[in-house]
Visitor: 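Just dropping this structure here.
Chain identifiers are assigned alphabetically (A, B, ...) following the order of the sequence lines, protein sequences preceding nucleic acid strands; residue numbering begins at 1 within each chain.
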There are 2 protein chains.
Amino acid sequence: MASPHQKQTMKDRILQTADRLFYLKGIRAIGVDTISAEIGISKRTLYNHFPSKDALIAAYLEHRFVQPKPSDKSPVEQILGTFDALERRFGAKDFRGCPFVNAVAELGGEDKSVKEIAIAFKESRRLWFRDRLVELGVADPEGLATQLQLLVDGSIAQDLVRDDPAMARAAKDAARALLENAGVKVSSPDGAERNPGSAREG
Amino acid sequence: MASPHQKQTMKDRILQTADRLFYLKGIRAIGVDTISAEIGISKRTLYNHFPSKDALIAAYLEHRFVQPKPSDKSPVEQILGTFDALERRFGAKDFRGCPFVNAVAELGGEDKSVKEIAIAFKESRRLWFRDRLVELGVADPEGLATQLQLLVDGSIAQDLVRDDPAMARAAKDAARALLENAGVKVSSPDGAERNPGSAREG
DNA sequence: GCCAAGTTACACAGGTCTGTGTAACTAAAA
DNA sequence: TTTTAGTTACACAGACCTGTGTAACTTGGC
């Protein structure tokens, strides 16, 4: 949290470019030469800021691990809003699934640190759901949170292969049904919610 | 469908080995040298049977595209049994997610043919759910089938990163809730179903 | 002006990968 | 036996990869 509006450092530019290329094209598909060439710097400069490609990969994943912004909306709106945010992200042409799941799929069980951060991310999202469900006083917040997270990850995987934002709406419909089934009063079955979830769901 | 009990051909052995290694380690991570060395044949022989690695990748994915076996169980048992089968597969140490999703994640939107077969596979599984839901006479079989498929893919993605077969049980619980919510009578909320689903779910 | 930090160009080592070319070998069919 | 199809060993081309070494250059602060 340095001062805001600070000039973007070289390291930032490298990380930002690596992030975009790793995410869009795949980690193994992108070489350090490609990244440095894209920025217009020498490969040497890149290695002056990151000791290895592995370190850059780790920084990439840490960079993707962002927390949802706090919201003053009701828990139900926050939960359902997650799926509206997903639908918007699915519509963007630069969406290509969850970077953590993709990294695990690509780098395999070999790389333990990649798996660790992926697990941490998924669990943090599950806990986010759980906290909202606790607020709602549902009987089994842990279990229901897991189920909601399944819908999130399922719609991401489906959209990855189908390029179909409607997967997010299907997930939202299912989430609504599960919430109602748990005794939560859900107001509008239509899609009129405004300004939902917000934070990156990966 | 040649005569059964036929001797395994060289091509079969290559494909089988490529399947195992591609799936477990990743497509980009495995070179043709690794595959031929694993079988104990020369690289030349491999290229005598497959014109390129891309052709071998395509054969791998086609090989993974298997249809569920017909079943005489009730539609509800078949649907819920899918998740029992998933749980069993999650428990196996050689399970590493859905080969189609993984291939799309790894090879990116670049390779159009990979995406095509992945879409075809996912849609075939959705239709399998839909057909059972039509038998059950639910109001919106298309939509509910999509939702069930989201649970399948979500639990697969979650298990890929967490190595936790309980994800399949969570998906089953959610599926049961969605079915009941659609007016389907579901008998045993406990886990006593026997010999479910069976076919490979990717 | 001068220094120090950062950057650049460039070559290179050592490894991997896909795919080909070739000549010798093996084994089964004719 | 002879033919033929498949296989093998092996070298190699050409490309790409990660990472390093080095000497020259630019630039902001003093």
Visitor: How many Å lie between CZ on B:R13 and C1' on D:dG6, as a whole number?
Guide: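 These atoms are roughly 13 Å apart.
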Visitor: D:dG19 C1' sits how many Å from A:L46 CG, rounded?
Guide: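 Going from A:L46 (CG) to D:dG19 (C1'), I get 11 Å.
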Visitor: Using OP1 and OP2 only, check whether a side-chain N or O of B:T45 sits under 4.0 Å from D:dT7.
Guide: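 For D:dT7, neither OP1 nor OP2 has a side-chain N or O of B:T45 closer than 4.0 Å.
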Visitor: Does A:I41 or B:K43 map to a spot on DNA chain C nearer the 5' end, using the closest nucleotide for each?
Guide: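 Final value for this comparison: A:I41.
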Visitor: Rounded to the nearest angstrom, tell me the gap between atom OH in A:Y47 and atom P in C:dT8.
Guide: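 Rounded to whole Å, this separation is 16 Å.
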Visitor: Rounding to an integer number of Å, can you tell me how far B:H49 NE2 sits from C:dG19 C1'?
Guide: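 The answer, rounded to whole Å, is 16 Å.
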Visitor: What integer distance in Å separates A:I57:CD1 from D:dT18:P?
Guide: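 It works out to 9 Å between those atoms.
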Visitor: Looking only at side-chain atoms of A:R44, point me to the closest of C:dT22, D:dT18, C:dA9.
Guide: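 Of all the options, the side chain of A:R44 is nearest to C:dA9.
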Visitor: Could you tell me the separation between the CG atom of A:N48 and the P atom of D:dG19, rounded to a whole number of Å?
Guide: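 Atom CG in A:N48 sits about 14 Å away from atom P in D:dG19.
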Visitor: To the nearest 0.5 Å, what is the distance between CG (B:L151) and CD (B:Q158)?
Guide: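 One gets 11.5 Å once the value is rounded to the nearest 0.5 Å.
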Visitor: Please identify each residue that fulfils salt bridge (charged side-chain N to carboxylate O under 4.0 Å, His left out) with A:R130, with sequence neighbours left out.
Guide: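 Testing A:R130 for salt bridge (charged side-chain N to carboxylate O under 4.0 Å, His left out), a comparison that skips the adjacent residues, returns A:E142.
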Visitor: So, are B:R89 and B:D159 salt-bridged, with charged N and O less than 4.0 Å apart?
Guide: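 No, no charged N to carboxylate O under 4.0 Å.
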Visitor: When you measure from the side chain of B:S42, which nucleotide among C:dT18, D:dT8, D:dT18 comes out closest?
Guide: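 Out of C:dT18, D:dT8, D:dT18, the nucleotide with an atom closest to B:S42's side chain is D:dT8.
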Visitor: What integer distance in Å separates B:K53:NZ from D:dC16:C1'?
Guide: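 Atom-to-atom, B:K53 to D:dC16, this comes out as 13 Å.
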Visitor: Please tell me which of the listed nucleotides, D:dT18, C:dT7, C:dT18, lies nearest to the side chain of A:V32?
Guide: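 Nearest to the side chain of A:V32 among the choices is D:dT18.
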Visitor: Does this structure show an ion pair linking B:R20 with B:E38, if we count only N-O contacts that are shorter than 4.0 Å?
Guide: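 Yes.
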Visitor: Calculate the interatomic distance between B:R28 atom CZ and D:dC17 atom C1'; express it in whole Å.
Guide: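 So the CZ-C1' distance, B:R28 to D:dC17, works out to 13 Å.
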